[in-house]
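Worth saying up front: this structure is predicted, and the values here are computed from it rather than measured. Start at 1 and go down the list; that is how both ligands and their atoms are numbered.
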Amino acid sequence: MCELEELLAVWLPRQRWFSGKGIPLRRLRILSRHQLLSAGPEGPDLDLLVLEAGQRGTTSRYQIMLGSRPPRTLPAHLARTAIGVCQVFGGRPQVVYDAAHDEELTALLLERFTDTEPGGRSEVRFRTLPGARLRTGAPGRLLTGEQSNTSLVFGRDHVLKTFRRLWPGPNPDLELNTALSGSPYVAEPCGWIEADLPGSPTPTTLAMLQTFVPEATDGWVMATANVRSLLAGATREREAAFAEEAALLGRTTAEVHRSLSQTLPTDVLSLDEISDLAEAMVERLAMATAEVPELAEHAQSVMSAYSDFSQVDGPLPTQRVHGDYHLGQVIRPERGWVLLDFEGEPTMPVQDRRRLSNPLRDVAGMLRSFDYAAGYLLIDHPGEPDLERSARVWARHNREAFCRGYADGGGIDPDKHLVALRAFEFDKAVYEVLYEARNRPNWLRVPLDSIASAVAASVPG
Ligand SMILES: Nc1ncnc2c1ncn2[C@@H]1O[C@H](COP(=O)(O)OP(=O)(O)O)[C@@H](O)[C@H]1O
Ligand SMILES: [Mg+2]
């Protein structure tokens, strides 16, 4: 192992976007290196590296933008991004760092899209979509927050989302955004970066360039602000105003689903396939119950919801869907809701994420998110029944408004498919239980309470 690989093996598992947390990293190697800038002895240099990380019999690929400069020349504001000092690719010792934070270097990424490389045969290619108008010159400012990837914002014009974990083939985020190009409900895609990587017959998407949507509020921020003000005694009118937003989000979701079904393949689930889906839900429930004993008291009722689902006599249409749909994936500029991040559930293998699915799975995802927005604020107020009641009413109103909007917008009427919707929602909540138990034990109450109240609501009398 060269020195740089050793440094990266320590640094990689500590990154927020590293998806194999908690499992020892056995091997790390640099799978490919693409030099984007070599500024001479004074630096800085910029390399795009693809790393291969081996953990317990599996290997995953990650992308990093590696900056390097002569030792002691790293600007003070970049000190915390340092990975270490080493000989980079056999050259002189350099300080290496995460270049996503270095605006001097990130500006270059956008400019590369406007280079016309004759032949375009390089291993790494910067591609633009027909008709895309790029405005270069602005530095790429790193978006901070709880993200699974790393996004850079260029002025008020573009966002470059660099995918951290890489999978062979086209990234679903790029695929779906391109299919939706021209829709007012997505951020217009402008281009992408792709690479030919060893062992992948098709190019791998490294990054996606989109139009930046300025002055937009995040759906999760809007929803939780609304719950917070309600709990602090705000009027019902304020709550009702958000329910209108929820209804509009439902309509927008239906429009996006319709566009996806018109431009990408669709199918219908056979009875056997529905039964297989239910079977997989049962397995996930068993796995979660084994790890989280609090789930056991509801397991029987959840199982019976899955059993009802396995007997649904169809037809259940399938199509490409968002796949990881929640309030944190939608933003609200003045023009209406805009959907982001069509990558699907990032920890799932990409071939599963690209599978056709019933659109109610996204509806269920958003319904869970309304429960989360209400339940999250109760974490700090245990044993306050009045607050709990208000938060639950808030969630119910917004869930209903969203479903109404979805049906009004031409989507499958969720009220007419309650058995499937319920199974999808339980399946998502069970996934959340496992996630919270592993990552944020003080949030565990949120999905557990939802399961408990859904179970209670289904018990006759
Ligand atoms: N085109 C855009 N315009 C405005 N904000 C954006 C845009 N794309 C992403 N963002 C902001 O960045 C956040 C993360 O983007 P997202 O695509 O969800 O990445 P991740 O996969 O890291 O979650 C979004 O929640 C949003 O706040
Ligand atoms: Mg996201």
Exercise for the section: Have a look at ligand 1 and work out which part of Leu143, if any, has a heavy atom under 4.0 Å from it: side chain, backbone, both or neither. Expected result: side chain

Handout entry: Those atoms of ligand 1 less than 4.0 Å from some heavy atom in Gly328
Key = 25 (O)

Problem - Aromatic contact, Tyr62 with Phe18 (centres under 6.0 Å) - result: yes

Handout entry: ligand 1 N/O within reach of Asp173 N/O, cut-off under 3.5 Å
Key = no

Handout entry: Heteroatom test (N, O or S) for Asp324 near the Mg ion (ligand 2), limit 2.8 Å
Key = no

Practice task
Provide the number and element of each atom of ligand 1 under 4.0 Å from a heavy atom of Val159.
Solution key: 1 (N), 2 (C), 7 (C)

Completion exercise
Looking at Asp341, the N, O or S atom sitting nearest the Mg ion (ligand 2) is OD2

Exercise for the section: Taking the side chain as every heavy atom from C-beta outward, state whether Thr205 and Phe163 have any pair of such atoms under 4.5 Å apart. Expected result: yes

Exercise for the section: Would you please determine whether Ala216 falls within less than 4.0 Å of ligand 1 on a heavy-atom basis? Expected result: no

Handout entry: Region of Ala187 that comes within reach of ligand 1 [heavy atoms, distance under 4.0 Å]
Key = side chain

Practice task
Name all residues meeting the ring-ring contact (aromatic ring centres under 6.0 Å, His included) criterion together with Trp443; count only those two or more places apart in sequence or in a different chain, and write none if there are none.
Solution key: Tyr376

Practice task
For the pair Glu432 and Arg368, find out whether any cationic side-chain nitrogen is under 4.0 Å from an anionic carboxylate oxygen.
Solution key: yes

Handout entry: Side chain proximity check, Trp192 to Asn171, heavy atoms < 4.5 angstrom
Key = no

Handout entry: Proximity to ligand 1 by part of Val213, non-hydrogen separation under 4.0 Å
Key = both

Problem - Numbered atoms of ligand 1 (with element) below 4.0 Å of Phe212, judged on heavy atoms - result: 1 (N), 3 (N), 4 (C), 5 (N)

Practice task
Could you confirm whether Ser148 has any N/O/S atom lying under 2.8 Å from the Mg ion (ligand 2)?
Solution key: no

Exercise for the section: Check whether any side-chain heavy atom of Glu215 sits under 4.5 Å from a side-chain heavy atom of Arg156, and report yes or no. Expected result: yes

Problem - side-chain contact (heavy atoms from CB on, under 4.5 Å) assessment of Val186 paired with Leu176 - result: CA-CA 10 Å; Val186 295; Leu176 268 61; over 6 Å; no

Practice task
Indicate yes or no: does an N/O atom of Gln329 lie under 3.5 Å from an N/O atom of ligand 1?
Solution key: yes

Practice task
Measure up the Tyr406 and His257 rings against each other and bin them: parallel (under 30°), tilted (30 to 60°), perpendicular (over 60°).
Solution key: perpendicular

Practice task
Can you sort out the partners of Tyr325 under ring-ring contact (aromatic ring centres under 6.0 Å, His included), two or more places apart, ordered by chain and number?
Solution key: His322

Problem - contact_flag Thr211 ligand 1 heavy-atom lt 4.0 Å - result: yes

